[in-house]
2 protein chains.
Amino acid sequence: MEEILSGLLLELRRGSIVLAVLSQLEKPVYGYYLVNLLSKSGVPVEVNTLYPLLRRLEGQGVLESKWETSGSKPRKYYALTQMGSQVYFSLKKNWLALVKSIELLMEGTDNG
Amino acid sequence: MEEILSGLLLELRRGSIVLAVLSQLEKPVYGYYLVNLLSKSGVPVEVNTLYPLLRRLEGQGVLESKWETSGSKPRKYYALTQMGSQVYFSLKKNWLALVKSIELLMEGTDNG
DNA sequence: AGATAATACTGTGCATCACACTATATGTCA
DNA sequence: TGACATATAGTGTGATGCACAGTATTATCT
């Protein structure tokens, strides 16, 4: 049962990860920092999940990146492109609607 | 951009589908009916997505089914098992927490 | 110097969805 | 009657994305 639950939880989290990530990228942020930030915020993401995600989003034109090599360690900062902002806005709107729909569906179900 | 957005929306929906489905299965319901119900409720699911999902959940012991052949057309009714109820409860709790976390993360981001 | 942390990339396997197709029974309309 | 749509359920394939594990580099702590 634990396994089944954790599998479903995994699935549950999936789509939301993108939203959580985008929500933090109005200002440039580097990956490793984002991992810690999100973990503290209740949306834990593994590094090995985040890096490919960031690259994918960059490839899609949602994010843009630039290397910052002046510090002690080279860091790659990601931020929303203009199109990315639009995508985020639309995604956010849809997500809020989805959440509301599901809350309505769940209303009155208090098992346990 | 449309394509990218719809891809992300797809992802966004994924995990939530299970939750929406489980929320309606405290009483036995058949698949086709569920599709229409969920669509009306703002969580559209394709038949070809729902049927395998139901079967998967049954295979995992979350749901149980029984055929109803007395009507005009044979229908397969699904409902939560006892364990399924526990899974649903736990999933629901986690989902609510996740939603809250993401809402906090998104707070103050009003682009568009 | 050695271990650990910070930082980023890549490759493989698995799970899941969308899409398309099959299949049957019951209506509906020409 | 025949053609078509709808209700109802199943299966199979392709694409996609995550988790997991591994690699690589540089700094910091011991």
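Just so you know, these numbers use all the heavy atoms, side chains as well, and skip hydrogens, waters and symmetry mates. Just so we're clear, the structure is a prediction, and the values are computed from it rather than from any experiment.
Contact annotation: Arg14(B) side-chain N/O to dT16(D) OP1/OP2 distance is not under 4.0 Å. Not one side-chain nitrogen or oxygen of Tyr30(A) sits closer than 4.0 Å to the OP1 or OP2 atom of dA8(C). In this model, the phosphate group of dA15(C) is not approached by any side-chain N or O of Arg56(B) to a distance below 4.0 Å at OP1 or OP2.
Not a single donor-acceptor contact under 3.5 angstrom links the side-chain atoms of Asn48(B) to the base of dC17(C).
If you take CD of Gln60(A) and C1' of dA15(D), they are 14 Å apart, rounded to a whole angstrom. The distance between atom OH of Tyr51(B) and atom C1' of dT13(D), rounded to the nearest whole Å, is 20 Å. Atom CD in Glu46(A) sits about 11 Å away from atom C1' in dA21(D), given to the nearest Å. When the C1' atom of dG17(D) is taken as reference, atom CD1 of Ile17(A) falls 10 Å away, rounded to whole Å. Rounded to an integer number of Å, the gap from OH of Tyr78(A) to P of dT7(C) is 14 Å. Between the CZ atom of Arg13(B) and the C1' atom of dC17(C) there is a distance of 12 Å, given to the nearest Å. Leu54(A) places its CG atom 13 Å from the P atom of dT10(C), with the value rounded to the nearest Å. Rounded to whole Å, the distance from CG on Leu50(B) to C1' on dA9(D) is 11 Å.
Two end axes, each from the C1' atoms of five base pairs, can be drawn for the helix from dA1(C)-dT30(D) to dA30(C)-dT1(D); they diverge by 10°, to 10 degrees.
Nearest heavy atom pair, residue Met83(A) against residue Ile4(B), reads CE-CD1, 3.4 Å. Closest approach of Pro74(B) to Thr69(B), counting heavy atoms only: CB-CG2, 4.1 Å. Smallest separation of non-hydrogen atoms from Leu105(A) and Ala20(B): CD1-CB, 3.9 Å. Taking each heavy atom of Gly31(B) and Tyr51(B) in turn, the nearest pair found is CA-CE2, 4.1 Å. Nearest heavy-atom pair, Leu98(B) versus Leu12(A), reported as atom, atom and distance to 0.1 Å: CD2-O, 4.1 Å.
The side chain of Tyr32(B) approaches dT8(D) more closely than any other nucleotide in the set dT8(D), dC9(C), dA18(C). Checking dC17(C), dA9(D), dT7(C) against the side-chain heavy atoms of Arg75(A) singles out dT7(C) as nearest. Closest to the side chain of Lys73(B), out of dA8(C), dG10(D), dT8(D), is dT8(D). Nearest nucleotide to the Ser72(A) side chain, out of dA8(C), dA27(D), dC17(C): dA27(D).
For the pair Leu25(B) and Leu54(B), the minimum side-chain heavy-atom distance is below 4.5 Å.
Comparing Val47(B) and Pro44(A), the nucleotide of DNA chain D nearest to each residue sits closer to the 5' end for Val47(B). Positionally, the nearest nucleotide of DNA chain D for Val18(A) lies more toward the 5' end than for the other of Val18(A) and Pro74(A). Nearest-nucleotide mapping onto DNA chain C: of Thr49(B) and Lys76(A), the residue sitting toward the 5' end is Lys76(A). Residues Glu11(A) and Arg55(A) each lie close to DNA chain C; by heavy-atom proximity, the contact nearer the 5' end of the strand is made by Arg55(A).
With sequence neighbours left out, the side-chain hydrogen bond (donor to acceptor under 3.5 Å, both in side chains) criterion links Arg56(A) to Glu11(B).
For the atom pair Arg75(B) CZ and Ser70(B) OG, the distance stands at 9.5 Å (nearest 0.5 Å).
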